[in-house]
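The structure appears below as C-alpha cells.
Quick note on labels: first sequence line is chain A, next is B, and so on, each numbered from 1. Note that the structure is a prediction, hence the values are computed from the model and not measured.
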2 protein chains.
Amino acid sequence: MTNKFPQRSHCPINYALESFGDKWTLLIIRDLMFNDKQSYGDFLASGEKISTNILADRLKRLEELGIVTKGAQAPNRSKVAYSLTQKGRDLLPIMLEITRWSGKYDADTYASRSFLMRLEQDRDKLIAAIRAGW
Amino acid sequence: MTNKFPQRSHCPINYALESFGDKWTLLIIRDLMFNDKQSYGDFLASGEKISTNILADRLKRLEELGIVTKGAQAPNRSKVAYSLTQKGRDLLPIMLEITRWSGKYDADTYASRSFLMRLEQDRDKLIAAIRAGW
DNA sequence: ACATACACTTGCAAAATGCAAGTATCGTGC
DNA sequence: GCACGATACTTGCATTTTGCAAGTGTATGT
C-alpha cells in the first residue's frame, strides 16, 4: 500500500513542513494550546476565518498524524472535544520561538509586552510553567 | 495604496505563517542557514525538488519581507548570492526547535544523532556557537 | 563569435482553497 | 416520539496556487 502522506525527504525541517506547513494548521494548534478552544465551532470562530471544509480537513489530518485526538469529553455530551497529544504538546517550544520572533518583528503584534518579556528573560521557566498546567 | 501582503490578524503565530507558512519557504531558509547554499541553482538542487517558478517567487517574497538579501558577492561575478538578514538569522531558534521536534518524532530523520544530542543537552550553547560563525 | 552556465519567465494542466449552501446527528423541550 | 436548535461536518463550484516543461535573457569563458 502506498503511503497516504508521501514525503519529499526526511530532512527535519521538511518533516515539520509536511506535518503543519500550511497557512492554517498552526492556528488550530495555537487555539488548542493557548486559547482554551477545543471544538469545531471554537476554531471556526477564530479571527482568521478559516472555512469549514479546510477546518474539517486539517482536523482529520492532525488526528491522522497523531498531533490531535478527538473525543467526546463528557459522555452524554454531543459536543466533540479535540485536544493535543504529547506530540502536539511538544510543539510548545516551536510555538514560543515563533511568538518571540513575531513579537520582535511585527510592530503591531497581539502578543502582550509582559508575555514577550517573560519569554525573553526566562524561556525555560515559562515552558515549565505552561507544561505544569497540562 | 492597498497592502501587498494583506494580513488576517496580528496574532504572532499568524504573522509567522504569513511570512513563511507554506511548503517551500523554510527549505530555502534552511539551505541558507545550515547548508551553505546561496544561489538560485543551489536551492534548485535541494532534495525536495522545488520548481523554478515557485523558487523565484519565494526568493522575491523573502526579499520583500526583509528576511533575505540578494547581492552579487564578488563584483565581477554574475552569480547571484542570496543571504540571510538579521531578521532571517533570528529564525535560528525556530529552526532548531523544529529540528528537535522532528528528530523526536520522525523515526527516519536525517538529523544526526550527535546534533540532536547537542540540541537536547545544551541548546543555548549550540545557538551561541552557530551565531558566532556568522 | 560562439557555447555554456546561470537565473529566471511563461503557458498550461492539476491541485488546493474560498465561499455558500446543504446534510447528519445529537440532545432538549413538549 | 417528535419538532427544534445547536453542532459538526459535506458538497459543489468558482478562484487561486502549484507543478511541470519549455523558453528567454544576460554574463563569462574560450
Open item on the list: I'd like to know if Thr52(B) reaches the base of dT9(C) with its side chain such that a donor and an acceptor end up less than 3.5 angstrom apart.
Closed with: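 Side chain to base: pair found, below 3.5 Å.
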
How long is the line joining [atom1] of [X] and [atom2] of [N], in whole Å?
X	N	atom1	atom2	value
Lys49(A)	dA20(C)	NZ	C1'	16 Å
Ile54(A)	dT17(D)	CD1	P	13 Å
Asp42(B)	dC6(C)	CG	C1'	11 Å
Leu55(A)	dA16(C)	CG	C1'	16 Å
Tyr40(B)	dT26(D)	OH	C1'	15 Å
Glu48(A)	dC19(C)	CD	P	14 Å
Arg58(A)	dA8(D)	CZ	C1'	17 Å
Tyr82(B)	dA7(C)	OH	P	8 Å

Open item on the list: If you compare every side-chain N and O of Lys70(A) against the phosphate oxygens of dC9(D) (OP1, OP2), does one of them come in below 4.0 Å?
Closed with: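 Yes, within the criterion.
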
Open item on the list: Would you say Trp24(A) places a side-chain N or O within less than 4.0 Å of OP1 or OP2 belonging to dT17(C)?
Closed with: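 For dT17(C), neither OP1 nor OP2 has a side-chain N or O of Trp24(A) closer than 4.0 Å.
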
TODO: Look at the side chain of Ala56(B) and decide which nucleotide, out of dT9(C), dC20(D), dG18(C), has an atom nearest to it.
DONE: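 Closest nucleotide to the Ala56(B) side chain: dT9(C).
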
Open item on the list: Of the options dA8(D), dT11(D), dG19(D), whose atoms approach the side-chain atoms of Ser39(A) most closely?
Closed with: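 When the side chain of Ser39(A) is considered, dA8(D) is the closest of dA8(D), dT11(D), dG19(D).
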
TODO: With heavy atoms under 4.0 Å as the rule, sort Asp22(A) into base, sugar-phosphate or nothing.
DONE: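 Since no nucleic acid heavy atom lies under 4.0 Å of Asp22(A), the category is nothing.
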
Does the distance from a Lys or Arg side-chain N to an Asp or Glu carboxylate O, for [X] and [Y], drop under 4.0 Å?
X	Y	result
Arg58(B)	Asp22(B)	yes
Glu48(B)	Lys23(B)	no
Glu64(B)	Arg61(B)	no
Lys104(A)	Glu97(A)	no

- [ ] With Arg89(A) as the cation and Trp101(B) as the aromatic partner, state whether NZ or CZ is under 6.0 Å from the six-membered ring centre and within 45° of the axis.
- [x]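 So Arg89(A) doesn't make the cation-pi contact.
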
Task: 5' priority, DNA chain D, between Arg8(A) and Asp57(A) [closest heavy atom] - done: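 Nearer the 5' end of the strand: Asp57(A).
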
